[in-house]
Amino acid sequence: MTTPDTERLERGKRAFADVMTFPAPDDFSPAMTHLLDFVFAEVWQRPALTRRQRRFVTLPCVAAADAEGPLRDHVYAALNSGDISIVEMRETVLHFAVYGGWPKASRFNSAVDEQWARIHDERGLAVPAPEPLLPLTTPSDPEERLAVGEQSFKDINCLPYAPMRDNPFQGAGILNFVFGEMWLRPGLGMKERRLITVACVAFQDAPYPILSHVYAALKSRDVSFAEMDELALHFAAHYGWPKASHLNQVIDDQKRRVSDEWAAEPQVAS
């Protein structure tokens, strides 16, 4: 008869193989044991977020952590499982570049190329040609593009105003590219972009972005209160508990703020 600890470890190994699409390592160190029996057997199995949704939290965490093995393994698992398509993965890299930094995104992008080629090599297939980049779906006219960026900024951030145009960071960066193009690209859904963004701002130590993006994800109802709480737990497991503690506090504050705002909204007559 197996002991409860052995049963728990075996459950973790099965969960690891399911999530990662390759067998768990034969490593009985405390770190690996609890990675298996807690992170994979419990956190990844919790129902508030799907396995696919959890990948969009995990990928920015491992891309930001400068951990070569976990980055490689999670990119491979997300693509090999079919949970994330190659188009979605490449959009994830671009979104991460904006909120996590272009140098780290460069390594992330290389890992995607490497693991995509590995998967096709393992299956005895040629790597398919990438999806065409052009034409872009967003306006090419500069004035129209800025106007689209302003409206997109308001809609996505759930705010009545947009930044001033006459500043390179705000005009050329935030309005023209981040909200004038990236958030509107069709290769990734709004919920997925919210999950990536919240994970990124949680590790960046930037006070306003973490507040504003947690607020907007909740206020828009793109991410539910239960999903956001679960995001904090998943983030803790893959990036660290101290930063997750701060994220958790921001979530609590913004849930109260959003609840108060919803309660104050005029009720629609039935």
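Just so it is clear, the model here is predicted, and its values are computed rather than measured.
In this structure, the side chains of V178 and Y99 come closer than 4.5 Å at one or more pairs of heavy atoms. The closest side-chain heavy-atom distance from D253 to Q249 is below 4.5 Å. Here the side chains of W102 and L94 are in contact, with some heavy-atom distance below 4.5 Å. Under the 4.5 Å side-chain criterion, counting only non-hydrogen atoms from C-beta, V98 is in contact with F177. In this structure, I156 and R194 have side chains that are in contact, with non-hydrogen atoms separated by less than 4.5 Å. At a threshold of 4.5 Å between non-hydrogen side-chain atoms, the residues R257 and L211 count as touching. Considering only heavy atoms from C-beta on, F179 stays 4.5 Å or farther from D155 through its side chain. A heavy-atom distance below 4.5 Å is not found between the side chains of K255 and Y215.
Rounded to the nearest 0.5 Å, atoms OG (S81) and OH (Y76) are 10.0 Å apart. Between atom OG of residue S220 and atom NZ of residue K191 there is a gap of 9.0 Å, rounded to the nearest 0.5 Å. Between the CG atom of N248 and the CZ atom of F235 there is a distance of 11.5 Å, given to the nearest 0.5 Å. Distance check, rounded to the nearest 0.5 Å: OG of S85 to CD of E131 gives 8.5 Å. Between atom OG1 of residue T197 and atom NE2 of residue H213 there is a gap of 6.0 Å, rounded to the nearest 0.5 Å. We find the CD1-CD distance between I84 and Q53 to be 10.5 Å, quoted to the nearest 0.5 Å.
Between R72 and E114, none of the side-chain N atoms (NZ, or NE/NH1/NH2) sits under 4.0 Å from a carboxylate O, so this pair counts as no salt bridge. Using a 4.0 Å cut-off between charged nitrogen and carboxylate oxygen, R107 and D66 do not count as a salt-bridge pair. D18 has a carboxylate O that lies under 4.0 Å from a charged side-chain N of R51, or vice versa, which qualifies the two as a salt bridge.
Looking only at distances, a side-chain donor or acceptor of R145 sits under 3.5 Å from a matching main-chain atom of N176. Side-chain N or O atoms of S212 include one that pairs as donor or acceptor with a backbone N or O of Y208 at under 3.5 Å. Here the side chain of H120 pairs a donor or acceptor atom with the backbone of W116 at under 3.5 angstrom. Not one N or O on the side chain of Q115 forms a donor-acceptor pair closer than 3.5 Å with the backbone of V112. At distances below 3.5 Å, not a single donor-acceptor pair connects side-chain atoms of R123 with backbone N or O atoms of R118. Between the side chain of S245 and the main chain of W241, no donor-acceptor pair closer than 3.5 Å is present. A donor-acceptor pair is defined here as one N or O able to donate and one able to accept, closer than 3.5 Å; no such pair exists between the side chain of Q254 and the backbone of I251. E261 places no side-chain N or O within 3.5 Å of a backbone atom of V258 that could act as its donor or acceptor partner.
A cation-pi geometry, defined here as NZ or CZ lying under 6.0 Å from the six-membered ring centre and within 45° of its normal, holds between R221 and W262.
Ring geometry for F40 against H74 counts as parallel: the plane angle stays under 30°, on a 0 to 90° scale with 60° as the upper cut. Using the six-membered ring where Trp is involved, F203 and F96 have ring planes that are tilted, between 30° and 60° apart.
When all heavy atoms of M89 and A78 are compared, the closest pair comes out as CE-CB, 3.7 Å. Across all non-hydrogen atoms, the minimal contact from I210 to V250 is O-CG1, 3.9 Å. Closest of all the heavy-atom pairs between A232 and A244 is O-CB, 3.8 Å. Nearest heavy atom pair, residue A117 against residue V127, reads CA-CG2, 3.9 Å. Annotation for M228 and L218: closest pair CB-CD2, 3.8 Å, computed over non-hydrogen atoms. Heavy atoms only, all atoms of each residue included: S152 and L184 are closest at OG-CD2, 3.7 Å.
One hydrophobic cluster, built from ILVMFWY side chains closer than 4.5 Å, holds both Y239 and V62. There is a path of hydrophobic side-chain contacts, each under 4.5 Å, that joins M182 to F169. In terms of hydrophobic clustering, with Ile, Leu, Val, Met, Phe, Trp and Tyr side chains grouped at heavy-atom distances under 4.5 Å, F108 and M20 are assigned to a common cluster. No path of Ile, Leu, Val, Met, Phe, Trp and Tyr side chains, each step under 4.5 Å between heavy atoms, connects L188 with L136, placing them in separate hydrophobic clusters. Connection of L71 to I86 is established within a shared hydrophobic cluster, with ILVMFWY side chains joined at heavy-atom distances below 4.5 Å, either directly or through further cluster members.
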(message) Checking R55 against E88 for the salt bridge (charged side-chain N to carboxylate O under 4.0 Å, His left out) test, could you report, in this order, the C-alpha distance in whole Å, the side-chain angles of both residues, the deciding distance, and whether it holds?
(response) CA-CA 11 Å; R55 300 222 190 256; E88 291 173 322; over 6 Å; no

(message) Let's go through D37 and K13 carefully: what are the C-alpha distance in whole Å and the side-chain angles of both, what is the deciding distance for salt bridge (charged side-chain N to carboxylate O under 4.0 Å, His left out) to 0.1 Å, and is it a yes or a no?
(response) CA-CA 8 Å; D37 72 16; K13 289 181 177 179; over 6 Å; no

(request) Just do the side-chain contact (heavy atoms from CB on, under 4.5 Å) check on V148 and E181 with the steps written out, would you? (result) CA-CA 9 Å; V148 167; E181 181 181 334; over 6 Å; no

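Under the salt bridge (Lys or Arg N to Asp or Glu O under 4.0 Å) criterion, D113 pairs with R90, sequence neighbours left out.
Partner H95 forms a side-chain hydrogen bond (donor to acceptor under 3.5 Å, both in side chains) with one of R185, E192, R193 and no other, that one being R193.
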With a cut-off of 3.5 Å and sequence neighbours excluded, list every side-chain donor-acceptor pair involving residues 21-31.
from : atom 1 : to  : atom 2 : distance (Å)
T21  : OG1    : N80 : ND2    : 3.0
D27  : OD1    : S29 : N      : 2.9
D27  : OD1    : S29 : OG     : 2.9
S29  : OG     : M32 : N      : 3.3

Using atom types as modelled, flag every donor-acceptor pair under 3.5 Å from a side chain in residues 157-166 to any protein atom, sequence neighbours excluded.
from : atom 1 : to   : atom 2 : distance (Å)
N157 : ND2    : F153 : O      : 3.0
R165 : NE     : E150 : OE2    : 2.7
R165 : NH1    : E143 : OE1    : 3.1
R165 : NH1    : E143 : OE2    : 2.9
R165 : NH2    : E143 : OE2    : 3.1
R165 : NH2    : E150 : OE1    : 3.3

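For R46, the CZ atom is loosely surrounded, since the number of other residues' heavy atoms within 6.0 Å does not exceed 12.
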